[in-house]
Amino acid sequence: MENKEALFKEIFRTNSRKIYHLCYGYTGDDDTANDLVQETFLKVWQNLDKFRNQAMISTWIYRIAVNTCLSHLRVEKRQAKEELTDKIIDEKAEEFSEKNEQVALLYRCISKLEENERIIITLVLDEVPYAEIAEISGISEGNLRVKIHRIKQKLTELYSRYERI
């Protein structure tokens with residue numbers, strides 16, 4: 001049991017920040033992102049014995065986090081909280097200092113992307129290698145590069161629209 005605990009602590013230490021960024025990219029809300037990180041790592045702990053080393057452990061954890069975020073979003077949509085989510089994003093954006101306004105705007109733009117686009121761009125921002133992103137998202141690396149290019153174009157368009165407001 002001690003080995004499992006030590007392994008888990010190391011896994012959490014090396015992956016929690018990236019998983020937080022992924023969850024934040026989905027929600028645009030610090031508290032919800034932290035809740036989803038906890039839920040993700042609870043699942044990691046519960047299933048650590050089942051990990052078979054067929055992929056990198058970080059890839060496995062990203063898949064768990066993506067599924068956790070998608071489940072959360074499905075529940076949230078069913079509860080019709082989209083307006084509340086926008087309100088939270090607006091409130092959180094106001095909390096950022098002027099220095100971080102561009103970061104807040106970027107996350108607001110990311111929150112407007114489709115779910116699979118949010119996954120991909122968040123992983124790119126976390127500097128996850130393209131091969132690993134392709135494996136996580138289940139598409140070829142060539143197709144991934146095209147998707148990333150299109151996502152960046154969409155983000156640039158969204159960003160410039162928001163900047164003018």
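- The side-chain heavy atoms of Cys23 and Ile19, taken from C-beta on, include a pair separated by under 4.5 Å.
- If you take NZ on Lys18 and CD1 on Ile61, they are separated by 10.5 Å, rounding to the nearest 0.5 Å.
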Given the rule in the side chain to side chain contact (heavy atoms under 4.5 Å, CB included) test, do Lys4 and Asp49 qualify, once you have shown the distances and angles that lead to the verdict?
-> CA-CA 9 Å; Lys4 182 180 177 182; Asp49 298 336; 3.8 Å; yes
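- One finds the CD1 atom of Ile121 at 12.0 Å from the CG atom of Asn116 (value rounded to the nearest 0.5 Å).
- Hydrophobic clustering (side-chain heavy atoms under 4.5 Å, transitive across Ile, Leu, Val, Met, Phe, Trp, Tyr) keeps Leu42 apart from Tyr62.
- In this structure, CG in Leu125 is found 13.0 Å from OH in Tyr24, a value given to the nearest 0.5 Å.
- Under the rule for a side chain to side chain donor-acceptor pair (under 3.5 Å), the partners of Lys50 that lie at least two apart in sequence or sit in another chain are Asn47.
- Partners of Gln153 according to the side chain to side chain donor-acceptor pair (under 3.5 Å) rule, which considers only residues two or more places apart in sequence or in another chain, are His149.
- Ring-plane geometry between Phe51 and Trp60 is classed as tilted, the angle between the planes lying from 30 to 60 degrees on a 0 to 90 degree scale.
- A chain of hydrophobic side-chain contacts below 4.5 Å, direct or via other Ile, Leu, Val, Met, Phe, Trp or Tyr residues, connects Trp45 to Leu22.
- In this structure, CD1 on Ile151 lies 9.0 Å from OG1 on Thr122, to the nearest 0.5 angstrom.
- Contacts of Tyr130 classified as ring pair (Phe, Tyr, Trp, His ring centres under 6.0 Å), with partners at least two apart in sequence or in another chain: none.
- Residues satisfying the salt bridge (charged side-chain N to carboxylate O under 4.0 Å, His left out) test with Glu114, not counting sequence neighbours, are Lys154.
- Between Arg145 and Glu141 there is a salt bridge, with a side-chain nitrogen of the basic residue lying less than 4.0 Å from a carboxylate oxygen of the acidic one.
- Side chain of Ser160 to backbone of Glu157: a donor-acceptor contact under 3.5 angstrom is found.
- Under the salt bridge (charged side-chain N to carboxylate O under 4.0 Å, His left out) criterion, Arg17 pairs with no residue, sequence neighbours left out.
- Note: Glu10 CD to Ile57 CD1 = 10.5 Å, rounded to the nearest 0.5 Å.
- For the salt bridge (charged side-chain N to carboxylate O under 4.0 Å, His left out) test, residues two or more places apart in sequence or in another chain that qualify with Arg63 are Glu135.
- Annotation: the span from His21 atom NE2 to Glu127 atom CD amounts to 10.5 Å, rounded to 0.5 Å.
- Evaluation of the side chain to side chain contact (heavy atoms under 4.5 Å, CB included) rule for Ser16 yields Phe12, Phe41 as partners, not counting sequence neighbours.
- For the side chain to side chain contact (heavy atoms under 4.5 Å, CB included) test, residues two or more places apart in sequence or in another chain that qualify with Ser58 are Asn15, Met56, Glu132.
- Here Glu39 pairs with Leu36, Lys43, Thr68 under the side chain to side chain contact (heavy atoms under 4.5 Å, CB included) rule; sequence neighbours left out.
- Scored by the side chain to side chain contact (heavy atoms under 4.5 Å, CB included) test, Ile139 finds Ile120, Ser137, Asn143, Leu144, Lys147 as partners (sequence neighbours excluded).
- Residues Asp30 and Tyr20 bring a donor and an acceptor atom of their side chains to less than 3.5 Å of each other.
- Both Phe8 and Val37 sit in one connected hydrophobic cluster of ILVMFWY residues. Membership requires side-chain heavy atoms under 4.5 Å apart, directly or through other members.
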